[in-house]
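Read through the structure below, which is laid out as structure tokens, and then see the notes.
In what follows, chains carry the letters A, B, and so on, assigned in the order in which the sequence lines appear, proteins first and then strands, with residues in each chain numbered from 1.
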Amino acid sequence: MGLTTREENGVVIVTVDGQLIVSNRQQLKQAVMDELDNGATKFVVDFGETGYIDSSGLGLLVSLSKRVGEAGGALRLSSLNDDLGSLFELTKLDTLLDIYDTVEQAVEGL
Amino acid sequence: MPGSSLEVAASGGAGEPSADAPKELKLDVPSDLGFLEEAVELFARHCVEAGVPPESSRFKLKVALCEALQNAMIYGNKLDHAKMVRVEAVVEDGNVTISVADEGEGFDPEEMPDPTTPGKLQLPDGRGLFVIQQLADEVRFNDRGNCIWMVLRHS
């Protein structure tokens, strides 16, 4: 998995390239926690380049969303393809997490 | 990344009288999460070569196999690198039955709670088996609970 982080209008956008799974989820956790420690509170995780996510990756997103929320910020997800979107639906995490079609829509109003 | 490499053993099909004969695949993976992604990609590629449609393998097969493999490594073999997880598949008419077996004591799948209930939804763990059951067309266990069979049918 490769991670790229950029900032746009005060929002940290983290793009996940490859798979988000139990053996690499720590990388995403660390990237978000480092930005949080540096004062960032608004995050978008972009899955436009992601192949698949496992249950550990889903669990990390639940934890990060909670953690960022507790810090007074917000974490949104974007650009899930149909397969990835179905994973959030069948686990009902689409009701817990904020999911947007595109990065632009996720950044807007954050 | 672990040093040694993984190798899939394939039998059946090629050279047989009938090209439609079931094809069998076998892969042994050390219980080291560093092998996880490589094992999933390698096995999925061999499943496609054996006749599983790429669109089936791209997502459902990979996610279900990733979940079963990590469960076997973590909960079954307790990440003991000396213990192996055996992955086997039979591919026939585009359908695939994958088994994942560990060397552990097994577990009772009936005891796993539904992770989508309100009290469980916000927990970070406990979704692996549920995801498998949702993605696969059929899921079975042996009596001991250390081997799972997942059927993915080509629709």
query: Are B:L6 and B:L69 linked, directly or through other ILVMFWY residues, by side chains that come within less than 4.5 angstrom of each other?
result: yes
message: Within this structure, what is the OG-CD distance for the pair A:S55 and B:Q70, rounded to the nearest 0.5 Å?
response: 5.0 Å
- line: Those residues of residues 95-106 of chain A that come under 4.5 Å of chain B on a heavy-atom basis, listed by number, are A:T95, A:L96
field: Neighbourhood of chain A inside residues 88-121 of chain B, taking heavy atoms under 4.5 Å as contact
entry: B:T116, B:L121
query: Do B:F141 and B:V151 share a hydrophobic cluster, counting only Ile, Leu, Val, Met, Phe, Trp and Tyr and linking them when any side-chain heavy atoms are less than 4.5 Å apart?
result: no
- request: Tabulate, in ascending numerical order, the residues of residues 30-39 of chain A having at least one heavy atom closer than 4.5 Å to a heavy atom of chain B, or enter 'none'.
  value: none
- request: Determine, using the 4.5 Å side-chain heavy-atom cutoff (strictly less than), whether A:V62 and A:I21 are members of one ILVMFWY cluster.
  value: yes
query: For B:L135, is it the side chain, the backbone, both, or neither that has a heavy atom closer than 4.5 Å to a heavy atom of chain A?
result: side chain
field: Which portion of A:T91 sits near chain B, non-hydrogen atoms under 4.5 angstrom
entry: both
message: Quick check: do B:V40 and A:Q19 have side-chain heavy atoms less than 4.5 Å from each other?
response: no
query: Can you tell me if CD on B:E7 sees more than 12 non-hydrogen neighbours from other groups inside 6.0 Å?
result: no
message: Could you see if A:L28 belongs to whatever hydrophobic cluster contains A:V44? Use Ile, Leu, Val, Met, Phe, Trp, Tyr and a side-chain cutoff under 4.5 Å.
response: no
message: Within this structure, what is the OG-CD1 distance for the pair A:S56 and B:I74, rounded to the nearest 0.5 Å?
response: 6.0 Å
query: Is there a side-chain hydrogen bond (donor to acceptor under 3.5 Å, both in side chains) between B:E37 and A:S23 once you walk through the steps?
result: CA-CA 8 Å; B:E37 187 171 356; A:S23 47; 5.3 Å; no
message: Less than 4.5 Å to any heavy atom of chain A: does that hold for the side chain of B:Q122, its backbone, both, or neither?
response: both
field: Contact class of A:L90 relative to chain B, heavy atoms under 4.5 angstrom
entry: both
- prompt: Looking at CG of B:D125 and CG of A:L60, how far apart are the two atoms once the value is rounded to the nearest 0.5 Å?
  reply: 10.5 Å
query: So which residues of residues 58-65 of chain B are in contact with chain A at a heavy-atom cut-off of under 4.5 Å?
result: B:R58, B:F59, B:K62, B:V63
- prompt: In terms of heavy-atom contacts, does CD of A:E7 have more than 12 from other residues, nucleotides or ligands at under 6.0 Å?
  reply: yes
- request: Using the rule that two of Ile, Leu, Val, Met, Phe, Trp, Tyr join whenever any of their side-chain heavy atoms come within less than 4.5 Å, decide whether A:M1 and A:L80 are in one cluster.
  value: yes
- prompt: Does any heavy atom of chain A fall under 4.5 Å from the side chain of B:E55, the backbone, both, or neither of them?
  reply: neither
